[in-house]
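Submitted below is the structure of interest, expressed as C-alpha cells.
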Amino acid sequence: QVQLVESGGGLVQAGGSLRLSCAVSGGIFSTYAMGWFRQTPGKEREFVAGISWSDYSRYNAESVKGRFTISRDNAKATVYLQMNSLKPEDTAVYHCAADRDGIVDMRLDDYDYWGQGTQVTVSS
C-alpha cells in the first residue's frame, strides 16, 4: 500500500518561507511523477507544481512561478516544495500526490495516490 505523508506546514508571515516535505512509502517512488496541490474551503483543489520521475520536467502554476520550487530526492523517497515570498492568498491545505505513469500532469484525476495534507497559513 502506497502512503504519502506531508509535513512542514505552519503559520508564517507574508514574505516568509516554508519548505514542505512529502515522504512516500510502499511503492516505487523513483518511477512516479509527483505533484503538489492546494485547497481552500469551498474551492476545488488546484495544481501548484509537478515534477517528472526523472526530474527532467518541472511545472509550476502561474500563481507561484518565481516563488515556489519543487524538487525530489529519490534516495529518500521524498518530494519537497520550497515556498518563498509567501502571500496570504497562498493559505491552503497542501497535498502531495503520486502519478504512476511518471509524467507530470496538472489534472487531479491523473494522480493515483494522495496524502492527507498539511495546513499552510500566511498572515498579512
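FYI, the numbering just counts along the sequence from 1. Keep in mind that this is a model prediction, so the values were computed, not measured.
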How many angstroms lie between atom CG of Asp73 and atom CG of Asp55, to the nearest 0.5 angstrom?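 Asp73 atom CG to Asp55 atom CG measures 10.5 Å (nearest 0.5 Å).
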Note to self: Just by distance, no angles: are the side chains of Asn60 and Arg58 close enough, under 3.5 Å, to form a donor-acceptor pair?
What the structure shows: no
Mind checking who shares a hydrophobic cluster with Ile70, ILVMFWY linked at side-chain heavy-atom distances under 4.5 Å?
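The other cluster members (ILVMFWY side chains, heavy atoms under 4.5 Å, direct or chained) are Val2, Leu4, Val12, Leu18, Leu20, Val24, Phe29, Tyr32, Met34, Trp36, Val48, Ile51, Val64, Phe68, Val79, Leu81, Met83, Leu86, Tyr94, Tyr113, Val120, Val122.
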So CD1 of Ile103 and OG of Ser57: to nearest 0.5 Å the spacing works out to 9.0 Å
Discussion item. Is it the case that over 12 heavy atoms from other parts of the model lie below 6.0 angstrom from the CD1 atom of Ile28?
Written reply: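 Not more than 12 within 6.0 Å, no.
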With distance as the sole test, does Asp112 use its side chain to make a donor-acceptor pair with the main-chain N or O of Arg100 at under 3.5 Å? yes
Between Ser63 and Arg38, the two heavy atoms sitting closest are OG-NH2, 3.5 Å
Looking only at heavy atoms, what is the nearest atom pair of Gln82 and Ser17, with distance?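 Nearest pair, atom of Gln82 first, then Ser17: NE2-CB, 4.0 Å.
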Could you tell me whether the side chain of Gln39 and the main chain of Ala92 form a donor-acceptor pair under 3.5 Å? no
Residues joined to Met106 in its hydrophobic cluster, side chain to side chain under 4.5 Å directly or through other members, sorted by chain and number, are Phe37, Phe47, Tyr59, Val104, Leu108, Tyr111, Trp114
From Trp53 CH2 over to Asn74 CG, what is the distance, rounded to the nearest 0.5 angstrom?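 So the gap between those two atoms works out to 9.0 Å.
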**Prompt:** From Thr91 OG1 over to Leu11 CG, what is the distance, rounded to the nearest 0.5 angstrom?
**Reply:**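 Those atoms lie 8.5 Å apart.
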The reported gap from OG in Ser85 to CZ in Arg67 (rounded to nearest 0.5 angstrom) is 7.0 Å
When rounded to the nearest 0.5 Å, the distance separating OG of Ser124 from CD of Gln13 is 9.5 Å
Shortest non-hydrogen pair, Ser52 vs Arg72, comes out as O-NH1, 2.8 Å
Taking everything shown except Glu89 itself, do over 12 heavy atoms lie less than 6.0 Å from its CD? yes
